[in-house]
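For reference, the structure is listed below as structure tokens.
What you are looking at is a predicted structure, and each value in this text was computed from that prediction instead of being measured. We're numbering straight along the sequence, starting at 1. Counting convention: from 1, in listed order, for ligands and their atoms alike.
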Amino acid sequence: MMTTKLTLPQLPYAYDDLEPYIDAKTMEIHHTKHHQAYLDNLLKCTEVDFNLPLEEMLVKYEHIPAVRNHGGGYYNHNVFWKMMSPKGGGEPTGELKSAIEAAFGDFANFKAEFKKAAMGRFGSGWAWLLREKHSKKIRIESKPNQDHPDLAHSIPLLGLDVWEHAYYLKYQNKRPDYVDAWWNVVNWNFAAEQFKK
Ligand code: MN3
């Protein structure tokens, strides 16, 4: 195994801080077991140059299934934790609000479209709100498994993990209820920072 600086990032809040929308036990298992396992398995990929910046490395080696799966899982969760906050919820403001209105008409329609992407993903995967790197155009996309968004051309603003491990303890088969609850912890400040990059 090569030396690496990749580590499991600490959450920017406590496991129970997203209650009642996301329960503490789910957060703890998700972080310490699932996220950790993606990292551990990524580090077993011997062909990979771990000295590259993470996003660059993921793009360069995305043809290797283990990098796509475990590297994608590692990256997706790195950003997912930051996309939520105990002080989250509400609505976006400023430039991001305008971009959402330009692309989706209004905030309610944006939420409906995002939910459609989250619900339309059969099996495991993610729903994303992405910004194009070279324009301020935004779009919603869903990806299967742990495939990361197109990081060569886009910047993730928001992402929602719709694997059952993200919600099953509290919501069981009710993915729509999890998606609805998630809006209460969405970190619009993070999304706005990403949008300005
Ligand atoms: Mn997950």
Under 3.5 Å, is there a donor-acceptor pair between the Trp163 and His34 side chains?
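His34 and Trp163 do not have a side-chain donor-acceptor pair below 3.5 Å.
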Would you mind naming the N, O or S atom of [X] nearest to the Mn ion (ligand 1)?
{"X": "Asp161", "answer": "OD2"}
{"X": "His165", "answer": "NE2"}
{"X": "His77", "answer": "NE2"}

Charged N-O contact under 4.0 Å between [X] and [Y]:
{"X": "Asp180", "Y": "Lys111", "answer": "no"}
{"X": "Lys116", "Y": "Glu113", "answer": "yes"}
{"X": "Lys97", "Y": "Glu101", "answer": "yes"}

